[in-house]
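So that the names make sense, note that chain A is the first sequence line, chain B the second, and so on, each numbered from 1. Both backbone and side-chain heavy atoms feed into the values below; hydrogens, waters and symmetry mates do not.
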Amino acid sequence: MEFETGSLACSDLDGPFDLQATVESGQSYLWDRADGRMYDSMDVHGGEAWYETVVPPIEDVSDERMVVRVRQLDDRLEWEATGDAVPVLTHLLRLDDDLDAIYETTPDDPLLERAYDAYEGMRLVRDPPFPCLVSFICSAQMRVSRIHGMQMALAESYGDELEVEGRTFDAFPSPDRLADRTEAELRELGLGYRAPYVQRTAEMVAGGDDPADAVGMEYEAARERLTRFVGVGDKVSDCVLLFSLGFLEAVPLDTWIQSAIADHYPDCDRGSYRETSRAIRRRLGGRYAGYAQTYLFHYLRGGGA
DNA sequence: ACCCAGGTCTTTT
DNA sequence: AAAAGACATGGG
């Protein structure tokens, strides 16, 4: 196979776009940097690096599995892909969001304003559901760079290989491929106690239990729905809802947000996940609270405030 | 050596 | 229902 190439102008989008912030903010673990410097903190050259991934077919977007490479040069998004990358990039990186309108809904809040200011142009991602589910099952008690390493290892060990112009790209393994692994095999990759979670969840998905079935449900029902998968509690469920299934009001209550609540929004701590979630979602503006959460996460984790 | 990391599951009050 | 303990592993 060979690459087609093309580019698109970010000035044609509704609002700004920052590729590095979007891909390296710990939302998606399915992209890799061609220069091998993924998650190198404070990398000043990251803005021009190539990012690459293998994208499964997406309903109403692309019929075939596609290798996609992309980089940002100022206002231009340059791509190489085994097909037309524009609709795929638009889907994966939420280039169809009206970011200016979303900024408008952000409540007046000094911390939030600093976070939005620091990473202006960062968008949420729309990861494919199964790889996203596995990514966040792996995320339990794990650092961002290692979560990424695990997904790369899963792809390298058990995913299909695609050759394009002499280079090999590894697709993320299908549910059946992961379901057929043994717990011991997955532990070999360093998944630790998450290994049986991933294997058993893969079995469920391979058996027809589709995480995307939560789409269209009322938000809290959708969150509850995903917790049927092994290794998925309220927090991981929120991550899949936000970073894959388009529930932009979802606010994953991870350790960083918990401490942000303690330090900046103490009245939102209501004891239980359910009630604290309701309070913080309201505080962060409701409909797009997940956007605010992701800016806060990236800003706080990056050493801000 | 010791502590922590985008939590979840199981068992015990 | 709420709290406590177990769980793997690599990097600081």
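Checking each of A:Arg33, A:Arg71, A:Arg167 against A:Glu52 for a side chain to side chain donor-acceptor pair (under 3.5 Å) leaves exactly one that passes, namely A:Arg167. Between A:His298 and the options A:Tyr116, A:Trp256, A:Tyr39, A:Tyr119, a ring-ring contact (aromatic ring centres under 6.0 Å, His included) holds for only A:Tyr119.
Checking A:Tyr219 against A:Asp238 by side-chain atom types alone, a donor-acceptor pair falls below 3.5 Å. For the residue pair A:Glu120 / A:Tyr103, no side-chain donor-acceptor distance below 3.5 Å is found, with atom types taken as modelled. Under 3.5 Å, the side chains of A:Thr90 and A:Asp96 contain no donor-acceptor pair of N or O atoms.
No engagement by A:Gln258 is indicated, since no non-hydrogen atom pair under 4.0 Å with the nucleic acid exists. Counting any heavy atom pair closer than 4.0 Å across all strands shown, A:Gly26 reaches a base atom.
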* Determine which bases of DNA chain C form Watson-Crick or G-U wobble pairs with both distances under 3.5 Å, and write the result as a 5' to 3' dot-bracket string with | for other-strand partners. => |||||||.||||

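Aromatic rings from A:Phe136 and A:Phe243 are positioned such that their centres are separated by under 6.0 Å.
Note: CZ (A:Arg223) to C1' (B:dT8) measures 15 Å, nearest angstrom. Nucleotide B:dT8 holds its C1' atom 14 Å from the CD1 atom of A:Ile147, rounded to whole Å. Atoms CD1 (A:Ile257) and C1' (B:dA5) sit 16 Å apart, rounded to a whole Å. Counting to the nearest Å, the C1' atom of B:dA5 and the CG atom of A:Leu300 are 16 Å from each other.
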* **Letter per nucleotide, 5' to 3', of nucleotides 5-12 of chain C [B base touched, S only sugar-phosphate touched, - untouched; heavy atoms, 4.0 Å]** => --BBBB--

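Residue order along DNA chain B, read from the 5' end via each residue's closest nucleotide, puts A:Thr294 first among A:Arg200 and A:Thr294.
DNA chain B lies under 4.0 Å from at least one heavy atom of each of the following residues of residues 234-244 of chain A: A:Asp234, A:Lys235, A:Val236, A:Phe243.
Nearest heavy atom pair, residue A:Val240 against residue A:Cys132, reads CA-SG, 4.0 Å.
The neighbour count for A:Glu2 CD, taken as heavy atoms of other residues, nucleotides or ligands under 6.0 Å away, does not exceed 12. Heavy atoms of other residues, nucleotides or ligands lying less than 6.0 angstrom from CZ of A:Arg187 number more than 12.
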* Does the salt bridge (Lys or Arg N to Asp or Glu O under 4.0 Å) test come out yes or no for A:Glu220 and A:Arg274, once each step is laid out? -> CA-CA 9 Å; A:Glu220 286 189 347; A:Arg274 176 188 169 97; 3.7 Å; yes

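One finds no side-chain N or O of A:Ser139 lying less than 4.0 angstrom from the OP1 or OP2 phosphate oxygen of B:dG7.
Comparing the P positions of B:dT11 and C:dA8 gives an interatomic distance of 15 Å, to the nearest angstrom.
Between A:Arg278 and A:Glu275 there is a salt bridge, with a side-chain nitrogen of the basic residue lying less than 4.0 Å from a carboxylate oxygen of the acidic one.
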